[in-house]
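Convention: sequence-line order gives letters A, B, ...; per-chain numbering from 1. These figures come from a predicted structure and were not determined experimentally.
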Number of protein chains: 2
Amino acid sequence: MSEKQPLSDIEIAQNSELLPIQQIAEKLGLTEEDLEYYGKYKAKISYEKIKELQSNKDGKLILVTSINPTPAGEGKSTVTVGLGDALTKLGKKTVIALREPSLGPTMGIKGGATGGGRAQVLPMEDINLHFTGDLHAITTANNALAALLDNHIHHGNTLNIDQRRVVWKRAVDLNDRALRQVIVGLGGPGQGVPREDGFDITVASEIMAVLCLATDLEDLKRRLSRMVVAHDIDKKPVTVRDLGVQGALALLLKDALKPNLVQTIEHTPAIIHGGPFANIAHGCNSIMATKTAAKMGDFVVTESGFGADLGAEKFLHIKARNSGIQPDAVVIVATIRALKMHGGVPKNELTHENIMALEKGLENLKKHTETITKFGLPFVVAINKFSADTDSEISLLKKWCGKHDIPVALTEVWEKGGEGGVGLAEKVLQEIEANNGQFKYLYDISSPLDEKIRTIVREVYGGKDVEFSVKAMKQLKEFEELGWGALPVCMAKTQYSLSDDPSKLGRPENFIIHVRELKPKLGAGFIVALTGEMMTMPGLPKQPAANRMDVSDQGRAVGLF
Amino acid sequence: MSEKQPLSDIEIAQNSELLPIQQIAEKLGLTEEDLEYYGKYKAKISYEKIKELQSNKDGKLILVTSINPTPAGEGKSTVTVGLGDALTKLGKKTVIALREPSLGPTMGIKGGATGGGRAQVLPMEDINLHFTGDLHAITTANNALAALLDNHIHHGNTLNIDQRRVVWKRAVDLNDRALRQVIVGLGGPGQGVPREDGFDITVASEIMAVLCLATDLEDLKRRLSRMVVAHDIDKKPVTVRDLGVQGALALLLKDALKPNLVQTIEHTPAIIHGGPFANIAHGCNSIMATKTAAKMGDFVVTESGFGADLGAEKFLHIKARNSGIQPDAVVIVATIRALKMHGGVPKNELTHENIMALEKGLENLKKHTETITKFGLPFVVAINKFSADTDSEISLLKKWCGKHDIPVALTEVWEKGGEGGVGLAEKVLQEIEANNGQFKYLYDISSPLDEKIRTIVREVYGGKDVEFSVKAMKQLKEFEELGWGALPVCMAKTQYSLSDDPSKLGRPENFIIHVRELKPKLGAGFIVALTGEMMTMPGLPKQPAANRMDVSDQGRAVGLF
């Protein structure tokens, strides 16, 4: 990744020539009949085709994850795209599977979710704005449920919902701090029942997690109907099924559930679909996307959110378990810049060589390689190259990897596209071919919730123990009694540290993880364990990216990244 | 319109065979290059094509309006679609231009906005759900503006916005009474500044009106930048331009501004685009839609919201003035059922013959024919036939029309499609050919706001005078001083009566209209005059339509109308 590159991501994207999406689809054996177009360069894949594909063998799955993210940037999406292009260059029939971006961050902070430089998915303008409307459909379904719930309370409340115990929040796909805590229903009896409420960003909605974990429309409806929306005056959970609106919600989501096909700058097919938060949800693209990709490609490159302690752990314990597909190899992305930050260097000093900090920071990477090994999976470390990386730093890194017997490849996909990722692709193919792994879950699904949490803390985070709050202890007991104990756990933890303290970079040890509260997400099918305050509605910065945005007379985006 | 028809609207729609949208486009001389597909049966028309079409001559424009609406139903959209199909049957190159429906009413009350019976636009399931995402884009732009505004206040408020005087509301495209009056920004300094706020339904957002009145992207941006969002501590208006985010909003709307092409059951091309409220906004589809339709078709059939006192008046004084296109003929839709309601018959007695009530109710129709004549436009009255209409009632109606020299046609488009509207189409063609009209505005745009309001009340409503509240009087003076006096007026009045009292059916006389408050909509380019309480956020009924909705395994809508 070079900082000298004169063109911005959007300029590179707008200067790239796209092929009509049917030509991309043809490479995968899809005909016009199998596609529902959204403009010339985007298409949804039909349910009929997806069903027909079920009899195909699964391709090899490569999961891209990273060290704990830092403000220095790691470039996980960029490597995912670049690796896909590199595999294509090597003659492999490859499909990339990514998450779709949220408009909130787009309007707030410069920085896209569609890769960067020569390793991007296109049309990036569309993908970063409304795309095929999936997130809008989720927002609408989320808010229709809220409206139907408040309407039920207003018109007699036959379910005896305790309006102080409504847990279903409203959503917008924007960063809007003013909506975090609100009071609704003001203005007298005609406007409903006043109560405290709040808005989450759409990607934090349970419906996003449900859409990403559903295997078909029937499963989607089943999951929707299980979602807990409130508690009644006897504190019993009230679900969507009790309200009887799962059909309407599924109807609103009937097209959003279909995976979206696009292409990279180098015309590798990419499926971009679903994008739940990686802190309070599982942070992976949809099962529909990854499975469909695996049925069409000999190789699938996909990513999970944040670092391996959050995204990869959840991919393996939640998404893999729900879908039955497991990675054949893992790529752990890091940059020398980010490793130096983990070694204690502040952001404004990253351009200076610092061997000692790099050595210290490598301990973070080390922990994640150990975790992936525990899951029984082979891996390759991808170092995303920056122009400020010095020869001594690179040489230290290579020596370190040699010493620990860690397969490593430098990549230059940002500057060179697929060509810059061929070295990485070859190493990944070697690992897959060697077939030395034997995937296993780190916990038994039938073990109690607290045990599952303890296993994750010890095995994945490298912590000493877990401390449950009084509330969490009570919930543990209650949830086991309600029969929810056999669900997997979805940890909500800061992404910046292996611990629950975002300031502890590198590889902290002997730490305790504090579980404050549990949240049942029965539709998604997991129990969220909250450690510390999780932000489910971000705010905008003082100078939001929106201030620089514009559109030309011809309808082209200006100032979007 | 027959009540014996065994099939529901959605069943008729789902049993109809659609042509691929490119075949519909071909009839209008559009090629694949000119289209941006949304699935197989919907497409947006490109800006390039729209520009290229500008040199074409305008086709003849037929405006469909109605008597004051009643719970009996008039079927204005159905007649609009049926008339379009009938003209096509007569060999005329016809394009229909309609509004796009809002999801709020769809989830609330059974009854679609896409016509009915054999006179429908397709695919009705898509059009009534997310369609091409235009309303979602408007919701998003509306709420992005609100978030950016609150963010400005939170980060230092350099514009000195008085948070008690924020007029920009948030929006959802749903019926959600609990959001009418809310408090946002609670939770301490980190969540912004607490203030009173409220949500409108998206179709009531000024951005919807802006989108419908904009003639191109540049005009859209200009209009967005003029919108008043708040007042500062000196009570001066603060606009979007002051916040500097018109570019970002226009970017969010860049695709939503492109008109959507679909087809009727009989494959007549239809453009469905934009749908502002007809009470607090102007209630017509977009200028982009109607103008594009007129550049492609020899005949365009379009409709305006509610009765001729609201929709047609606004079409003629606001939309026609902004676009430079005027109707060549008007169709006024009525049913014998609805006329009997205007004559005093309650809804559950409408199936009984009632000659006296019909005669009395005809006065409502009479007033609207007089209004259209004042505008200098030829018209035809369309009586949408129901099976319960008796021979005596029909014969009275015909005699009455003969006596008043009113051209009338009975239509059966609900049951028979275009075939059932051929009589109407022939009469309309005769009126256009006779070319006896000479369109004129009823008020001079440069006259003061109160004079414009008085003219509408006397000439269009048939009222005696206008009474302005103290607040409205103050605003009249203030708005003239601010230079807003030369804008057209957009009346916000109940649709049920010519007066501002919804219980006064038929043709009330000697009434006074009470103007409570004015609202500047500088982006839309009109001043709203509020008479009584206008609902800008509807609620859901006790048994919402959503409760009956579902989706099949194959992704087909169930229970949607």
Would you indicate whether the side-chain heavy atoms of A:L148 and B:L540 approach each other to under 4.5 Å?
yes
Heavy-atom contact with chain B under 4.5 Å, split by part of A:K221
side chain
Option that, when pairs with chain A are counted at under 4.5 Å, heavy atom only, ranks first among B:V558, B:L252, B:D255, B:L129
B:L252
Please classify the contact of A:I183 with chain B as side chain, backbone, both or neither, using a heavy-atom distance under 4.5 Å.
both
Assert top hit (heavy-atom pairs under 4.5 Å, partner chain A, pool B:L179, B:T139, B:V172) equals B:L179
Strictly distance-based, threshold 3.5 Å: is any side-chain N or O of B:H136 a donor or acceptor partner for the main-chain N or O of A:L135?
no
Of all of B:D126, B:L220, B:N143, which one pairs up most often with chain A through heavy atoms under 4.5 Å apart?
B:N143
Just checking A:E33: does its CD atom have more than 12 heavy atoms from other residues, nucleotides or ligands closer to it than 6.0 angstrom?
no
Measure the OG-NZ distance between A:S46 and B:K40 for me, rounded to the nearest 0.5 Å.
6.5 Å
Could you check whether any side-chain heavy atom of B:L217 comes within less than 4.5 Å of a side-chain heavy atom of A:V551, counting everything from C-beta outward?
yes
In sequence, state the C-alpha distance, the side-chain angles, and the governing distance for A:R556 and B:K254, and then conclude on side-chain contact (heavy atoms from CB on, under 4.5 Å).
CA-CA 8 Å; A:R556 297 226 82 174; B:K254 75 181 172 68; over 6 Å; no
Rounded at 0.5 Å granularity, tell me how far OH in B:Y38 sits from CD in A:E36.
14.0 Å
Taking every heavy atom of A:A546 against every heavy atom of B:A248, the minimum-distance pair comes out as O-CB, 3.3 Å
Would you say the side chain of B:L243 lies within less than 4.5 Å of the side chain of A:N547, judging by non-hydrogen atoms?
no
Side-chain touch A:L251/B:D550, heavy atoms, less than 4.5 angstrom
no
Most contacts with chain A, counted as non-hydrogen pairs under 4.5 angstrom, among B:G104, B:G244, B:G133, B:P541:
B:P541
Out of B:G198, B:G39, B:G192, return the one with the most heavy atom pairs under 4.5 angstrom to chain A.
B:G39
Between CE on residue A:M537 and CD on residue B:Q191, distance to nearest 0.5 Å
11.0 Å
So does A:A137 get a backbone contact from the side chain of B:H130, meaning a donor-acceptor N/O pair under 3.5 Å?
no
Of B:R180, B:K542, B:M107, the largest count of non-hydrogen pairs under 4.5 angstrom with chain A goes to B:K542
Please walk me through it: do A:D150 and B:R177 pass side-chain contact (heavy atoms from CB on, under 4.5 Å)?
CA-CA 8 Å; A:D150 272 317; B:R177 71 171 65 73; over 6 Å; no
Step by step, would you call A:D176 with B:R170 a side-chain contact (heavy atoms from CB on, under 4.5 Å)?
CA-CA 11 Å; A:D176 192 348; B:R170 288 175 165 85; 3.0 Å; yes
Against chain B, label A:K258 side chain, backbone, both or neither, depending on which of its atoms sit under 4.5 Å from a heavy atom there.
neither
Can the ring centres of A:F199 and B:F199 be said to be less than 6.0 Å apart?
yes
Which is it for B:D553 and A:D216 under the side-chain contact (heavy atoms from CB on, under 4.5 Å) test, yes or no, and what are the steps along the way?
CA-CA 8 Å; B:D553 291 9; A:D216 59 25; over 6 Å; no
